[in-house]
Amino acid sequence: MVRTLGIWLTIMVAAAAAGRCGEPEPALDPDRAAAERGRHALLIQGFLKPDWTESAYRAVGSQWPTPAPDPERDQARYAERFRERYGLHPAPFPNDGLPMGLRRGRNPDGGKSGLQIDCLVCHGGSIGGKSYVGLGNTQLDLRALLYDLTRADGRRLPLSTFVLNTSRGTNNAGQIAAFLISLRNPDLSIRRFPLPLGADLPECDTPAWWHLKRKRTMYYDGRTDARSVRTNMQFLLGEKTLEELKSLEPTFRDVRAFILSLEPPRYPFAVNAETSARGKEVFAANCARCHGTYGPGGRYPSKIIPIDVVGTDRARLLGLSDRLVAHFNSTWFAEPLPVQTERTGYQAPPLDGLWATAPYLHNGSVPTLHALLDSKTRPARFTRPRSTGFEHYDTHHVGWKYTEIGSEELARPRSAFEAGFYFDSSRRGLGNQGHTFGDHLTEAERMDLIEYLKTL
Ligand code: HEC
Ligand code: HEC
């Protein structure tokens, strides 16, 4: 049955594609058909019920410090201010005029109303004025978005038991997932009081989805099998029963196929071929053993590097408690592919599309590649870019332009909105230490290497 349905959908998708260009096309192979179904499920259909009313989007502007444009008469300007306020990006697919990451909720009868967030609130970003599904959102202020919409609906804010984000761009998806599963028993029935699982995860940068196809293990600590579909469904725990989760698994298999089909954007500026060729040698000698090789025939080793070797901030590694892992592993989510019970370090990620994924490291604590490769030059406190426009992009050091900020300024920001643009590496989980593998290079070697990294 599933198979015939698959074939039928393949034919349908192929027919639709052929209809668009007016010429018959060969039927899509099964992977492409699955990816197309996943794209549709993720971008067009949605899974969650509405959490906020329709009017919350229009009412929320009254909470902004400077007067909002009229949401009815000046829709485009209102939408732009909304995106700026919360760090969202225009949707590169039809989305009812809403920014990527916010959508109409799906009611049980199939109709849509109200608002809901989806995966793309974190996994949809932009660079140089172009939006990409799968680029981590480095502008997002998740806390402001969730709180302001809830207030706009006249509801009381939920009791916050952990940090969602202190700075724009980072988010605590890990602790959200940990919290949701702590409210379920091993059979996923709902609990009134959370299980004491001792998880204490920090806010992190969102990884690019196009890396998933190269990985054997996923998440920053590499403890989860990258083939796991159910793990990607944890956010549905806010509302779905075990039966509903089971019936959505095939859809999420398709969503995973869609994620595997994503490609990184190419570096849009000039690259010096001679410098980059020298940089490739530097990379082969110093970096490839952990990060793999690129270009045709490139191989990615999917290595998890012990924490004492990589030396970056430990909070993410230690925050995933043994009790949380044991609980997760006792549920349906881990039945086919359990989380590794051993804690090692962080996975050396693939570097495809690296130019577009600044700031760097799992916690986004390093604004440029140059600072990553010369650890003594890393700024302790710095400003995040005001937008992902190229006017804020540094093609020399590769990453985001920044200014260092003093502790004085940090303590007294002009407003809460401004404070969101301050990154402070002394905060829990946001340390910028470690990964000193570029420190011993000469400045000439480092610049050659950076030129090469632009081409990945
Ligand atoms: C609140 C922000 C947020 C939302 C919403 C979110 N994610 Fe993520 N996602 C993250 C962060 C942060 C990580 C890295 C987590 C870690 O390793 O600690 C991540 C990791 C992942 C990874 C592993 C990537 C890798 O290369 O290791 C996948 C796959 C993924 N998310 C899929 C999804 C899907 C599918 C959804 C929607 C159902 C979703 N995410 C919703 C923030 C989010
Ligand atoms: C011993 C293994 C190892 C070596 C050698 C190594 N790295 Fe890494 N690298 C890692 C690990 C592990 C991480 C993830 C650390 C984290 O996020 O906390 C990482 C992260 C990175 C990142 C951040 C990626 C992102 O998306 O945020 C970049 C860029 C990077 N390495 C480049 C390099 C370059 C260039 C070299 C060669 C000079 C190099 N690395 C050498 C293990 C290594």
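In listed order, ligands and their atoms are each counted from 1. Remember, it's a predicted structure, so these values are computed and weren't measured experimentally.
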Under 4.0 Å from ligand 2, counting heavy atoms only, is it the side chain of Val282, its backbone, both or neither?
neither
Lys215: numbered ligand 1 atoms lying under 4.0 Å from its heavy atoms
25 (C), 26 (O), 27 (O)
Kindly identify the option in Gln347, Arg289, His362 whose heavy atom sits closest to atom 14 (C) of ligand 2.
Gln347
Using a strict cut-off of 4.0 Å, indicate which atoms of ligand 1 neighbour a heavy atom of Tyr219.
15 (C), 16 (C), 17 (O), 20 (C), 21 (C), 22 (C), 23 (C), 25 (C), 27 (O)
Counting only heavy atoms, which portion of Met218 has something under 4.0 Å from ligand 1: side chain, backbone, both, or neither?
both
Report the nearest protein non-hydrogen atom to atom 32 (C) of ligand 1: residue, atom name, distance rounded to 0.1 Å.
Trp209 NE1, 3.3 Å
Residue, atom name and distance, where the atom is the protein heavy atom closest to atom 5 (C) of ligand 1
Cys122 SG, 3.7 Å
Does the N or O separation between Tyr220 and ligand 1 drop below 3.5 Å for any pair?
yes
Do Asn137 and His89 get their side chains close enough for a donor-acceptor pair, meaning under 3.5 Å?
yes
Under 3.5 Å, is there a donor-acceptor pair between the Glu54 and Ser113 side chains?
no
Asn165 and Arg143: side-chain donor and acceptor closer than 3.5 Å?
no
Metal proximity, His123 vs atom 8 (Fe) of ligand 1, N/O/S cut-off 2.8 Å
yes
Measure the distance from atom 38 (C) of ligand 1 to every protein heavy atom, then report the residue, atom name and distance (to 0.1 Å) of the closest one.
Cys119 SG, 2.6 Å
Quick one: does Arg37's side chain have a donor or acceptor within less than 3.5 Å of a partner on Ala257's backbone?
no
Does Asn286 reach ligand 2 with a nitrogen or oxygen that is under 3.5 Å from one of the ligand's nitrogen or oxygen atoms?
no
Tell me whether Asn286 contacts the main-chain N or O of Val282 through its side chain, where contact means a donor paired with an acceptor under 3.5 Å.
yes
Asp424 side chain to Arg381 backbone, donor-acceptor under 3.5 Å
no
Under a plain distance cut-off of 3.5 Å, with no hydrogens placed, do Thr224 and Thr231 share a side-chain donor-acceptor pair?
no
Residue pair Asp221 / Thr344, side-chain donor-acceptor N/O under 3.5 Å
no
Counting only heavy atoms closer than 4.0 Å, does ligand 2 sit against the backbone of Leu361, its side chain, both, or neither?
both
Short check: any N/O/S atom of His291 below 2.8 Å from atom 8 (Fe) of ligand 2?
yes
With a cut-off of 4.0 Å, which atoms of ligand 1 are near a heavy atom of Asp205?
12 (C)
Taking distance alone, with N or O pairs closer than 3.5 Å, would you say Tyr360 contacts ligand 2?
no
Any N/O pair Leu369/ligand 2 closer than 3.5 Å:
no
Check: Thr368/Trp400 side-chain N/O donor and acceptor closer than 3.5 Å:
no
Touching ligand 2 at all, Arg316? Heavy atoms, strictly under 4.0 Å?
no
Taking N or O atoms only and a 3.5 Å limit, does His435 qualify as a polar contact for ligand 2?
yes
Would you check if there is a donor-acceptor pair between the side chains of Glu443 and His370 at a distance under 3.5 Å?
yes
Taking atom 12 (C) of ligand 1 as the reference point, the nearest protein heavy atom with its distance
Asn171 OD1, 3.5 Å
At a 4.0 Å cut-off, with the gap strictly under it, does some heavy atom of Leu120 reach an atom of ligand 1?
no
Would you say that Leu188 contacts Leu245 through its side chain, given a criterion of any heavy-atom pair below 4.5 Å between the two side chains?
yes
From CG (Asp205) to OG1 (Thr357), nearest 0.5 Å
8.0 Å
Does Lys303 NZ have over 12 foreign heavy atoms under 6.0 Å away?
yes
Residue and atom name of the nearest protein heavy atom (relative to atom 29 (C) of ligand 1), distance in Å to one decimal
Asn232 OD1, 3.4 Å
Any idea which of Pro207, Gly136, Ala173 brings a heavy atom closest to atom 19 (C) of ligand 1?
Pro207
